[in-house]
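Scroll down for the structure; my scribbles are underneath it.
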Number of protein chains: 2
Amino acid sequence: MDIAASGGLGALTIGSLAERTGMSKSGLFAHFKSKEALQTQVLEAAGEAFVADIIRPALAAPRGEKRITVLFECWLEVSRDGRAECLFTSAAWEYDDQPGPVRDLLVRMNLDFNDSLCQMFRTGIAEGYFAEGADPEQFAHDLHGIMLIHFQAHHLLHDPKAEERARRAFARLIESNR
Amino acid sequence: MDIAASGGLGALTIGSLAERTGMSKSGLFAHFKSKEALQTQVLEAAGEAFVADIIRPALAAPRGEKRITVLFECWLEVSRDGRAECLFTSAAWEYDDQPGPVRDLLVRMNLDFNDSLCQMFRTGIAEGYFAEGADPEQFAHDLHGIMLIHFQAHHLLHDPKAEERARRAFARLIESNR
DNA sequence: GCGGACGGTGAACGATCGTGCTATTTTCGA
DNA sequence: TCGAAAATAGCACGATCGTTCACCGTCCGC
């Protein structure tokens, strides 16, 4: 997961993993059966980390605006530390026109995350935190966009104001859905 | 540019380009001196396409909201057709933690684009289309975020509602800066 | 007319890739 | 304790990568 997080899924080769772990290539290959399986398993593991570090803390928070805020802050923290969860954003661009099981898995995870966002927002509506007529899909879309541009501003540009801007955009998004 | 646009900058190897063009690897290498030079030159070319297809049409439009809208619509069109300009969004993730001239160029181009956005917004303020107190940097940040999530929704998820959502988010962004 | 750039080819190099195959070691339950 | 099973290693293979080098035409300035 470290290798893939810093260099993309493409950098996660059986050879690089062998060097990193000190094991032989053939020994690793026997474990993972194929490179594709290695990649998908690492993606799955990163998905679990995503749930553990972002989704679960949010679900542990009070419903409504607070829950969405916790999710957002957890995302910021994970992005700040460059943890494995960043895999998704980069892998999504790496494999978006490269059919196969890796892409399929990425699509599924993306849809799952989107569903989680929508669900959180919907309960927020039901609890009266957000406007009745608000569109959950649109909210998830917009929030995800804020996350993506923050990721780019932080990791590519090393913009020190990245978090501040992300928070401002988030506040405006929440405000306009209140 | 075709190769890099569909498969990422990493797929643009001297070998793949040789096969695509029908030339020999060594012949191509003599042209580009190195793989890195090939990549940066392709990026530069994509940058010119970006200016020609997105920045210039916007600058040809009336100042203010109309100009920003034209820029946004041109971006949508380019993204829809999967043209070379899409290189930037994917390359940004491919090289964001891979130091070197490619990364440096990506950063520079990103900053340039950001400046263009800010400038357009600033003249929009001066002409009275946007609020006096609006923050150009924040606007550029938010608009870029909409573009990124649209790109992902369109190219990874093939979401048919991607453009509709992007337009809605854009309209809301404009509205809140009016 | 001739000599040197220029554009291009072909073969070869060392790396690295994924993937097999055959051992050998380690682990663990009966 | 023993034997099966799992884990790991070693070696080799064909591809592909970037890069180098020795060539070969084709043009253009002198």
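In this text, all values refer to a predicted model and were calculated from it rather than measured experimentally. Naming convention: chains lettered A, B, ... in sequence-line order (proteins, then strands); numbering from 1 in each chain.
Applying the 4.5 Å side-chain rule to ILVMFWY residues, one finds W93(A), L148(A), F151(A), W93(B), L148(B), I149(B), F151(B) in the same cluster as I149(A).
For the contact set between residues 28-35 of chain A and DNA chain C, defined by any heavy atom under 4.0 Å, the members are F29(A), S34(A), K35(A).
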Show me, pair by pair, the donor-acceptor contacts under 3.5 angstrom made by side chains of residues 25-35 of chain B, not counting sequence neighbours?
from: S34(B); atom 1: OG; to: E36(B); atom 2: N; distance (Å): 3.4
from: S34(B); atom 1: OG; to: A37(B); atom 2: N; distance (Å): 3.0

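Between the CZ atom of F121(A) and the CG atom of L117(A) there is a distance of 10.5 Å, given to the nearest 0.5 Å. We find the CG-CG distance between L12(B) and L38(B) to be 4.5 Å, quoted to the nearest 0.5 Å.
For K25(B) against dG10(C), no side-chain N or O and base N or O form a donor-acceptor pair under 3.5 Å. For a distance-only test at 3.5 Å, the side chain of S24(B) fails to qualify as a donor-acceptor partner of the base of dG8(C).
Only one option out of R168(B), K161(B), R167(B) pairs with E164(B) in a salt bridge (Lys or Arg N to Asp or Glu O under 4.0 Å); it is R168(B).
Taking atom CG on L12(B) and atom P on dT16(D), their separation rounds to 17 Å, with Å as the unit. Taking atom CG of L17(B) as the reference point, atom P of dG18(D) lies 10 Å away to the nearest angstrom. If you measure from atom CD1 of I14(B) to atom C1' of dT20(D), you get 12 Å, rounded to the nearest angstrom.
In terms of the ring pair (Phe, Tyr, Trp, His ring centres under 6.0 Å) criterion, residue partners of H150(A) (sequence neighbours excluded) are, by chain and number, H154(A). Considering only residues two or more places apart in sequence or on other chains, D112(B) meets the side-chain contact (heavy atoms from CB on, under 4.5 Å) condition with R108(B).
Nearest nucleotide to the M23(A) side chain, out of dT19(C), dT9(C), dA9(D): dA9(D).
At a threshold of 4.0 angstrom between heavy atoms, the contacts of S26(A) include nucleobase atoms, whether or not backbone atoms are also involved.
Without hydrogens or angle criteria, R67(B) side chain to A61(B) main chain gives a donor-acceptor distance under 3.5 Å.
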Between the protein and nucleotides 23-25 of chain C, which nitrogen or oxygen pairs are less than 3.5 angstrom apart?
none

